[in-house]
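Residue numbers run from 1 in the order of the sequence given.
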Amino acid sequence: MPDLDLVETKSGRRLQVEVSGDPRGRPVFLLHGMPGSRVGPRPRSMFLYQRGARLISFDRPGYGGSDRRPGRRVVDVVEDVTAVADALGLGRFAVVGRSGGGPHALACAALLPGRVTRAAALVALAPRDAKGLDWFAGMTPSNVLEFHTAFTDPERYAARIIPRSAAIRSHPARLLEELRAELTDEDRLIVSDNSIRSMLLRNYHEALRTSPYGWIDDAIALTSPWGFDPAHIGVPVLLWHGAKDVFSPAAHFSWLAARIPRAKAVLEPKAAHFSALRALPDVLDWLLSGTPRG
């Protein structure tokens, strides 16, 4: 089976891809958070081999080694996942997204029912226009400011992120330092773990290595119309969330759980945002149980 580091889409954009685990295993796309990249946190290779999993990740446009796609919507990830799957010769596959990657995983579930076997969204946001949801309620002030600015004044948002991105690129730990005051005690313990911290720092550096626009375009896409309705998802979906999450409040999880038909909803009462990193192995087991080899 081919392992391609660089995949070209039909429109000529390049996507930087990383494949880990069992090269003949059951394929699962892992869609990274915001800011994030293809080298973001994932289970160890030994775990993936033991489970017979082939984990595929790629930089969303504007991040890492992937060309930017100005004005992209959440739904546009479907074209990119399709391009990577076709290049790797995959027929059917599962997909999981964490945080900002969650809505993108749901887009694949909604628009690729013939190819996506199962989908999972961990600590995901709901659509900005979700009816009956107070979108900012329970959200930490830094996220409220970031998303509100992206939604109301994209140019001002970009002007804020460009210098911030440059500072984080030269000192990736800066992002964790900025977030530290808003983390729960459990999340502080998780991001202080040497292995997880190392993966996060490498992830942030790679995400912003070439430009700040992956981050900018992600925030604008997440707060703009997504281009699909989660209610139209017909494949099995697992939603996982921490009740103490202040970056993606649990009300977003509840809205998605009520909207997506027959969604399996798991709300951990003591968990918060970064707890999703520890939940990922169990989520992968669930995804693999319904996914044949590619």
Side-chain angles (χ1 to χ4, degrees), residues 29-37 40 58-63 66 68-81 95-111 119-131 133-158 160-162 164-165 175 179 203-204 207-208 211-231 233 237 239-241 245-256 259-260 273 276:
F29 276 83
L30 173 61
L31 305 184
H32 62 74
M34 179 191 80
S37 73
F58 65 92
D59 299 330
R60 276 196 297 280
Y63 285 118
S66 292
R68 187 187 180 197
R69 180 174 183 170
R72 63 177 165 89
R73 302 171 298 161
V74 170
V75 73
D76 292 329
V77 73
V78 173
E79 178 186 332
D80 293 348
V81 167
V95 61
V96 54
R98 187 185 73 85
S99 192
H104 293 85
L106 296 177
C108 295
L111 275 79
L122 287 66
V123 295
L125 292 164
R128 177 69 181 83
D129 55 1
K131 292 182 179 179
L133 175 66
D134 185 347
W135 206 79
F136 290 113
M139 191 177 287
T140 191
S142 65
N143 262 25
V144 171
L145 177 62
E146 183 168 329
F147 285 127
H148 179 74
T149 307
F151 177 67
T152 59
D153 193 345
E155 290 186 6
R156 181 167 168 244
Y157 177 72
R160 286 171 45 115
I161 292 297
I162 289 170
R164 186 180 175 202
S165 172
L175 182 54
L179 297 176
N203 177 45
Y204 297 148
L208 305 173
S211 90
Y213 284 100
W215 191 357
I216 292 166
D217 294 340
D218 250 2
I220 293 171
L222 289 168
T223 54
S224 301
W226 287 0
F228 72 99
D229 187 341
I233 295 174
V237 170
L239 299 172
W240 188 98
H241 218 95
D245 195 331
V246 295
F247 296 98
S248 304
H252 290 240
F253 159 87
S254 299
W255 189 93
L256 288 168
R259 187 77 178 172
I260 298 172
H273 198 69

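- Taking every heavy atom of both residues into account, A126 and L133 meet most closely at CB-CD2, 3.6 Å.
- Nearest heavy-atom pair across V81 and C108 is CG2-SG, 3.7 Å.
- No side-chain heavy atom of V96 sits less than 4.5 Å from a side-chain heavy atom of F29.
- Between the NE2 atom in H32 and the CG atom in D59 there is a gap of 5.5 Å [rounded to 0.5 Å].
- S248 and V123 get closest at one heavy-atom pair: OG-O, 3.0 Å.
- Here the closest non-hydrogen pair linking P127 and W255 is CD-CZ3, 3.5 Å.
- Between V237 and L256 the shortest side-chain heavy-atom distance does not fall below 4.5 Å.
- If you take CZ on R72 and CG on D80, they are separated by 8.5 Å, rounding to the nearest 0.5 Å.
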Take I220 and Y213, measure what side chain to side chain contact (heavy atoms under 4.5 Å, CB included) needs, and give me the verdict at the end. CA-CA 10 Å; I220 293 171; Y213 284 100; over 6 Å; no
Dump the intermediate steps for side chain to side chain contact (heavy atoms under 4.5 Å, CB included) on I162 and I216, then the final yes or no. CA-CA 8 Å; I162 289 170; I216 292 166; 4.0 Å; yes
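- You'll find the side chain of E79 reaches within 4.5 Å of the side chain of R69, heavy atoms only.
- Between W226 and D129 the shortest side-chain heavy-atom distance does not fall below 4.5 Å.
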Carefully, step by step, assess R128 and L222 under the rule side chain to side chain contact (heavy atoms under 4.5 Å, CB included). CA-CA 7 Å; R128 177 69 181 83; L222 289 168; over 6 Å; no
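- Taken to the nearest 0.5 Å, the CG atom of D153 stands 10.5 Å off from the CZ atom of R160.
- Listed for the S211 side chain is a donor-acceptor partner under 3.5 Å among the backbone atoms of G62.
- Using a 4.5 Å heavy-atom threshold, the side chains of Y63 and D218 count as touching.
- Proximity of D217 to P61: side-chain heavy atoms (C-beta onward) are nowhere separated by under 4.5 Å.
- Taking CG of D245 as the start and OG1 of T140 as the end, the distance is 10.0 Å to the nearest 0.5 Å.
- Remark: side-chain polar atoms of N203 are not paired, donor with acceptor, to backbone N or O of G36 under 3.5 angstrom.
- In this structure, L125 and M139 have side chains that are in contact, with non-hydrogen atoms separated by less than 4.5 Å.
- Nearest heavy atom pair, residue L208 against residue P35, reads CD2-CB, 4.3 Å.
- No side-chain heavy atom of W215 sits less than 4.5 Å from a side-chain heavy atom of Y204.
- Shortest non-hydrogen contact noted between A110 and I233 is CB-CG1, 3.7 Å.
- Ring orientation note: the planes of H241 and F253 are tilted relative to one another, at an angle of 30° to 60°.
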Are H252 and W135 close enough, and set up right, to give a side chain to side chain contact (heavy atoms under 4.5 Å, CB included), and what steps lead you there? CA-CA 7 Å; H252 290 240; W135 206 79; 3.3 Å; yes
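- A donor atom on one side chain and an acceptor atom on the other are found under 3.5 Å apart for H273 and S99.
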